[in-house]
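For the numbers below, each heavy atom of this structure counts, side chains included, while hydrogens, waters and symmetry mates do not.
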Amino acid sequence: QVQLVESGGGLVQDGASLRLSCLVSGRSFSDYRMAWFRQAPGKEREFVASISRTGSDIYYGNSVAGRCTISRENAKNTVSLQMDSLKPEDTAVYYCAAGNAVPAIRSGVPRQYDYWGQGTQVTVSS
């Protein structure tokens with residue numbers, strides 16, 4: 001079994017930055033493509049970013065491209081999401097996900113991922 005625990009969410013003002021982290025335990029972290037998704041009230045889960053097992057392939061969702069940076073440290077079993085220039089529309093619960101065999105072309109599809117964290121709330125005030 002794989003456990004994912006997110007941290008780093010909070011309440012910030014428009015234009016601020018946040019860094020989310022996800023600690024993975026239970027199995028070899030380097031076996032998994034990692035991703036961040038978010039879900040706002042009443043909306044579907046939205047792809048934010050994904051990173052391949054080695055970090056060589058990175059993808060971003062259209063709504064965050066240019067404002068977010070995903071990274072991973074396999075030695076520390078962590079994946080991070082640096083978010084800059086936050087906007088009120090970025091308000092959501094942010095989830096970390098791990099997938100064992102996720103094709104790059106489908107890295108933005110939630111059902112491709114096998115394990116999920118409990119989520120961390122990010123609120124951006126105007």
Side-chain angles (χ1 to χ4, degrees):
Q1 189 68 14
V2 177
Q3 293 83 40
L4 291 76
V5 179
E6 302 97 335
S7 61
L11 172 63
V12 297
Q13 291 190 333
D14 192 350
S17 297
L18 271 180
R19 185 176 182 86
L20 306 183
S21 293
C22 175
L23 176 64
V24 181
S25 62
R27 290 189 61 178
S28 178
F29 177 69
S30 60
D31 287 345
Y32 296 97
R33 173 180 288 274
M34 301 300 299
W36 289 92
F37 290 82
R38 68 185 184 185
Q39 190 164 18
K43 295 188 176 182
E44 293 186 353
R45 193 159 293 192
E46 179 188 16
F47 171 68
V48 177
S50 74
I51 185 168
S52 63
R53 292 177 293 177
T54 63
S56 59
D57 293 331
I58 290 176
Y59 301 93
Y60 295 100
N62 291 337
S63 59
V64 302
R67 300 188 296 120
C68 288
T69 303
I70 189 171
S71 61
R72 67 187 295 162
E73 291 188 69
N74 287 351
K76 296 184 178 182
N77 287 8
T78 59
V79 58
S80 299
L81 183 70
Q82 175 68 37
M83 301 189 294
D84 301 315
S85 302
L86 283 163
K87 307 173 183 179
E89 50 264 43
D90 293 318
T91 296
V93 177
Y94 284 70
Y95 296 94
C96 177
N100 193 20
V102 181
I105 196 171
R106 296 185 65 77
S107 62
V109 179
R111 65 176 179 272
Q112 292 290 325
Y113 293 85
D114 305 298
Y115 303 101
W116 293 81
Q118 81 288 351
T120 185
Q121 177 71 46
V122 171
T123 303
V124 184
S125 63
S126 57

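- Checked by atom type and distance alone, the side chain of Gln82 never pairs as donor or acceptor with a backbone atom of Thr69 at under 3.5 Å.
- Checked against the 6.0 Å centroid threshold, Tyr113 and Phe37 count as a close aromatic pair.
- Asp114 places none of its side-chain heavy atoms less than 4.5 Å from the side chain of Val2.
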Would Thr123 and Gln121 count as a side-chain hydrogen bond (donor to acceptor under 3.5 Å, both in side chains) here? Give the steps.
CA-CA 6 Å; Thr123 303; Gln121 177 71 46; 3.3 Å; yes
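- Between atom CZ of residue Arg38 and atom CD of residue Glu46 there is a gap of 4.0 Å, rounded to the nearest 0.5 Å.
- Closest approach of Gly9 and Val122 over heavy atoms only: CA-CG2, 4.1 Å.
- Between Thr78 and Phe29 the shortest heavy-atom distance is O-CZ, 3.5 Å.
- Neither Tyr59 nor Val79 shares a network with the other; the hydrophobic side chains, linked directly or stepwise wherever heavy atoms of I, L, V, M, F, W or Y lie under 4.5 Å apart, form separate groups for each.
- Remark: side-chain polar atoms of Ser80 are not paired, donor with acceptor, to backbone N or O of Ser21 under 3.5 angstrom.
- Nearest heavy-atom pair across Pro88 and Ser125 is CG-C, 4.5 Å.
- Counting heavy atoms from C-beta outward, Ser71 and Arg19 have side chains that approach closer than 4.5 Å.
- Between the CZ atom of Phe47 and the CH2 atom of Trp36 there is a distance of 13.0 Å, given to the nearest 0.5 Å.
- From Leu23, atom CG reaches atom CD of Glu73 across 11.5 Å, with rounding to the nearest 0.5 Å.
- Remark: of the listed residues Arg106, Arg33, Gln112, Arg33 is the sole one forming a side-chain hydrogen bond (donor to acceptor under 3.5 Å, both in side chains) with Ser50.
- Taking CG of Leu81 as the start and OH of Tyr94 as the end, the distance is 7.5 Å to the nearest 0.5 Å.
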What verdict does the side chain to side chain contact (heavy atoms under 4.5 Å, CB included) test give for Asp90 and Leu18, after you've listed the backbone C-alpha separation in whole Å, the side-chain angles of each residue and the deciding distance to 0.1 Å?
CA-CA 11 Å; Asp90 293 318; Leu18 271 180; over 6 Å; no
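- Remark: Glu89 CD is packed, more than 12 non-hydrogen atoms of other residues, nucleotides or ligands lying under 6.0 Å away.
- Annotation: side chain of Tyr32 is not in contact with side chain of Val102 (no heavy-atom distance under 4.5 Å).
- Of the possible polar contacts, none joining the Gln39 side chain to the Ala92 backbone as a donor-acceptor pair under 3.5 Å is found.
- A 4.5 Å side-chain heavy-atom check between Met83 and Leu20 finds at least one atom pair inside the cut-off.
- Nearest heavy-atom pair, Leu4 versus Ala98, reported as atom, atom and distance to 0.1 Å: CD2-N, 3.9 Å.
- Here the CG atom belonging to Asn77 is positioned 7.5 Å from the OG atom belonging to Ser28, to the nearest 0.5 angstrom.
- Here OG of Ser52 is found 12.0 Å from CE of Met34. Values are rounded to the nearest 0.5 Å.
- Hydrophobic cluster membership is shared by Ile58 and Val64, with clusters built from Ile, Leu, Val, Met, Phe, Trp and Tyr side chains linked at under 4.5 angstrom.
- Scanning both residues, Ile51 and Arg72, for their nearest heavy atoms gives O-NH1, 3.6 Å.
- Shortest non-hydrogen contact noted between Gly119 and Val93 is CA-CG1, 3.8 Å.
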Would Tyr60 and Arg67 count as a side chain to side chain contact (heavy atoms under 4.5 Å, CB included) if you check the C-alpha gap in whole Å, the side-chain angles of each, and the deciding distance to 0.1 Å?
CA-CA 10 Å; Tyr60 295 100; Arg67 300 188 296 120; over 6 Å; no
